[in-house]
Amino acid sequence: MVLALEQVGVAFGGFRALTEVSLAIPPGQVTGLIGPNGAGKTTCVNTLSGFQRPGSGRVLLDGADISALPAHRMRRAGIARTFQAGRLFGGLDVLDNLACTGVGLGQRRAEAEHAAQDLLDWMGIAALASRPAAGLPYTDERRVAIARALMGAPRFLLLDEPAAGMSEHEAADLAALIRRIAGERGIGCLLIEHNVGLVLSVCAQVVVLDGGRVIETGDRAAILASRPVREAYFGADQAEAA
Ligand SMILES: Nc1ncnc2c1ncn2[C@@H]1O[C@H](COP(=O)(O)OP(=O)(O)O)[C@@H](O)[C@H]1O
Ligand SMILES: [Mg+2]
């Protein structure tokens, strides 16, 4: 059970956002995706979740080519995601944000509400159930967005900068939650995050993108030892000195 990009290329007009990108997300562990701004991280998530069609290469789920599936079919196939901006249904309370997603995935209303309540309990945010989604503090908003993505028991969860703007302490709490999602629910997570220390502390494998290309894939030690990674983050001169 693996979700993967195989030699994926994406172009916007003449601009190549991704070039021959290959990466794999195994179940039950957190894979990191890092790289400077504009490296193509969000485009990878969009491609893995059906919001962006690859111009070349393939999206594979358990070896099957799912490149042509629209986003809602990918979701039903077990690929869930969050967005950089929360995108909650602001007019609904937290429970209904989750329940609506369950209904959209084919659950009956009562079943969806039950599943939503269970998830909020599991995440320790049951107290938010009847709060309007609009106006939640952003740390709660991110958790609700993740809870909503977990409706329907997806097999893969793609998290696009879920800790952006959080303090070290808040980000560490979120990292603990992401570890639980992978460890206790067996979900294969992809974590995009600009705090490299956080990524290295959570992720078994990390993929580094720069200019739309994978410049490194490996565990914590491999990423820390990588000259291309140092060059991408600090420039060639600094990498020389380091
Ligand atoms: N819909 C789009 N149209 C044109 N260019 C885009 C579009 N989406 C992304 N890009 C460009 O592709 C590159 C990669 O973007 P993105 O995947 O958002 O990077 P990241 O998430 O790593 O910051 C950037 O240069 C961005 O401006
Ligand atoms: Mg992005």
Side-chain angles (χ1 to χ4, degrees), residues 3-25 30-60 66-72 74-75 79-88 138-139 141-146 148-149 156-166 170-171 174-175 178 188-200 202-203 205-218 223 226 228-236 239:
L3 175 63
L5 297 179
E6 183 190 72
Q7 299 280 90
V8 161
V10 170
F12 299 111
F15 176 76
R16 290 161 76 98
L18 296 180
T19 304
E20 291 176 13
V21 168
S22 296
L23 60 85
I25 308 168
V30 188
T31 301
L33 181 59
I34 63 174
N37 269 338
K41 304 180 296 295
T42 295
T43 304
C44 282
V45 165
N46 288 343
T47 307
L48 285 162
S49 57
F51 288 82
Q52 172 68 49
R53 201 69 48 225
S56 57
R58 304 189 298 170
V59 184
L60 299 174
I66 58 165
S67 310
L69 290 189
H72 69 277
M74 292 240 195
R75 181 67 166 89
I79 303 164
R81 66 171 296 178
T82 62
F83 293 88
Q84 270 181 280
R87 296 208 196 173
L88 296 179
Y138 65 87
T139 50
E141 185 191 59
R142 302 283 168 74
R143 281 172 189 267
V144 173
I146 292 170
R148 191 175 63 173
F156 296 94
L157 175 63
L158 316 173
L159 298 158
D160 197 353
E161 303 204 15
M166 290 190 181
E170 290 163 344
L174 186 72
I178 295 167
C189 297
L190 184 72
L191 174 63
I192 296 181
E193 167 55 45
H194 66 258
N195 180 337
V196 176
L198 186 83
V199 168
L200 293 177
V202 176
C203 298
Q205 290 282 311
V206 178
V207 178
V208 188
L209 277 181
D210 189 29
R213 290 177 184 272
V214 175
I215 59 165
E216 196 67 75
T217 299
I223 299 304
S226 166
V229 172
R230 284 203 300 275
E231 287 181 359
Y233 274 89
F234 305 116

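Residue numbers count from 1 along this sequence. Numbering of ligands and ligand atoms starts at 1, following listing order.
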Open item on the list: Looking at atom 8 (N) of ligand 1, tell me if a protein heavy atom falls under 4.0 Å from it.
Closed with: yes
Task: For atom 16 (P) of ligand 1, the protein heavy atom that lies nearest, with its residue and separation - done: T43 OG1, 3.7 Å
Task: N or O contact, N37 vs ligand 1, cut-off under 3.5 Å - done: no
Task: Pairwise side-chain contact, V59 with L69, heavy-atom cut-off 4.5 Å (strictly under) - done: no
Open item on the list: Is it the case that the side chain of T31 and the backbone of L190 share a donor-acceptor pair, with hydrogens and angles ignored and the cut-off at 3.5 Å?
Closed with: no
Task: Under 3.5 Å: N/O of F12 near N/O of ligand 1 - done: no
Open item on the list: As an exercise, identify every atom of ligand 1 less than 4.0 angstrom from a heavy atom of F15.
Closed with: 11 (C), 12 (O), 13 (C), 25 (O)
Open item on the list: Polar contacts were defined as any N/O atom of the residue lying under 3.5 Å from an N/O atom of the ligand; does this apply to G40 and ligand 1?
Closed with: yes
Open item on the list: Whether R81 engages the ring of F51 as a cation-pi pair (distance to the six-membered ring centre under 6.0 angstrom, angle to the ring normal within 45°) should be assessed.
Closed with: yes
Open item on the list: I'd like the name of whichever of T42, T47, N46 reaches closest to atom 18 (O) of ligand 1 through any heavy atom.
Closed with: T42
Open item on the list: For the 3.5 Å polar cut-off, considering only N or O atoms, please tell me whether A17 and ligand 1 meet it.
Closed with: no
TODO: Do me a favour and list the nearest non-hydrogen protein atom to atom 14 (C) of ligand 1 with residue, atom name and distance?
DONE: G38 O, 3.4 Å
Task: 4.0 Å heavy-atom contact, G35 with ligand 1 - done: no
Open item on the list: Regarding T42, does it place an N, O or S atom less than 2.8 Å from the Mg ion (ligand 2)?
Closed with: yes
- [ ] State whether the side chain of R142 and the backbone N or O of A164 hold a donor-acceptor pair below 3.5 Å, judged by distance alone.
- [x] yes
Open item on the list: Checking the side chain of T82 only, and the main-chain atoms of I146 only, is there a donor and an acceptor separated by less than 3.5 Å?
Closed with: no
TODO: Identify the two heavy atoms, one from R53 and one from V10, that lie closest to each other, and give their separation to 0.1 Å.
DONE: O-CG2, 4.3 Å
Open item on the list: Can you confirm whether some protein heavy atom lies under 4.0 Å from atom 26 (C) of ligand 1, or whether none does?
Closed with: no
Open item on the list: I'd like to know if the side chain of K41 reaches the main chain of E161, judged simply by a donor and an acceptor atom lying under 3.5 Å from each other, with no hydrogens or angles considered.
Closed with: no
- [ ] Would you mind reporting whether L5 and S22 have side-chain heavy atoms less than 4.5 Å apart?
- [x] no
